[in-house]
Amino acid sequence: MSILNDFKPFIEEYKPFLGLLIFGNIENLVLSAQGVIEGANPFLVAGASICIVVIWQAIGVFGTKSAMKYSRHIEFIGGFAIFVLGIQSMLPLIQSLI
């Protein structure tokens, strides 16, 4: 019970970004499916992904406090990007079916 109480302030601080975290994982699945379809080099994609994750982690550590006031905008932009990428990943399949 004590461990849960220790994490409560942490969870409350990141609660506005919970939807973005969930849909961000869906976006990762969509992007990986696009990479498989396009025949991307998995080692190049893995290396680039690790670099981007490190950069994104640094931005998250240092920019979270200033980004909290823009959480609704960030969540909307992230959700819109996921929607667009989902449509983009389905277009080649739809065109081949027609």
Side-chain angles (χ1 to χ4, degrees):
M1 191 68 171
S2 175
I3 295 173
L4 184 60
N5 288 334
D6 293 340
F7 282 112
K8 196 168 188 174
F10 175 79
I11 293 169
E12 290 296 323
E13 186 175 358
Y14 289 98
K15 207 176 207 179
F17 293 109
L18 187 60
L20 190 58
L21 289 171
I22 292 169
F23 290 115
N25 287 325
I26 295 169
E27 180 182 6
N28 288 337
L29 292 172
V30 169
L31 290 173
S32 64
Q34 284 180 317
V36 169
I37 290 170
E38 296 296 326
N41 180 349
F43 296 109
L44 181 65
V45 172
S49 294
I50 290 171
C51 290
I52 295 299
V53 165
V54 169
I55 292 168
W56 194 245
Q57 179 67 28
I59 291 171
V61 167
F62 299 114
T64 300
K65 295 291 183 194
S66 62
M68 289 304 276
K69 57 185 168 189
Y70 302 111
S71 65
R72 291 187 188 273
H73 298 84
I74 293 169
E75 193 166 345
F76 173 77
I77 292 168
F80 184 70
I82 292 166
F83 176 76
V84 169
L85 288 170
I87 297 284
Q88 182 184 2
S89 68
M90 289 186 280
L91 282 178
L93 177 63
I94 292 171
Q95 289 175 349
S96 68
L97 291 175
I98 293 178

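Counting begins at 1 with the first residue of the sequence.
The hydrophobic cluster analysis finds Val53 isolated: no Ile, Leu, Val, Met, Phe, Trp or Tyr side chain comes under 4.5 Å of it, directly or through other members.
Expressed to the nearest 0.5 Å, how far CD1 of Ile52 lies from CD1 of Ile59 amounts to 8.5 Å. Note: Ile77 CD1 to Arg72 CZ = 14.0 Å, rounded to the nearest 0.5 Å.
By the 30° and 60° cut-offs, the orientation of the rings of Phe76 relative to Phe80 is parallel.
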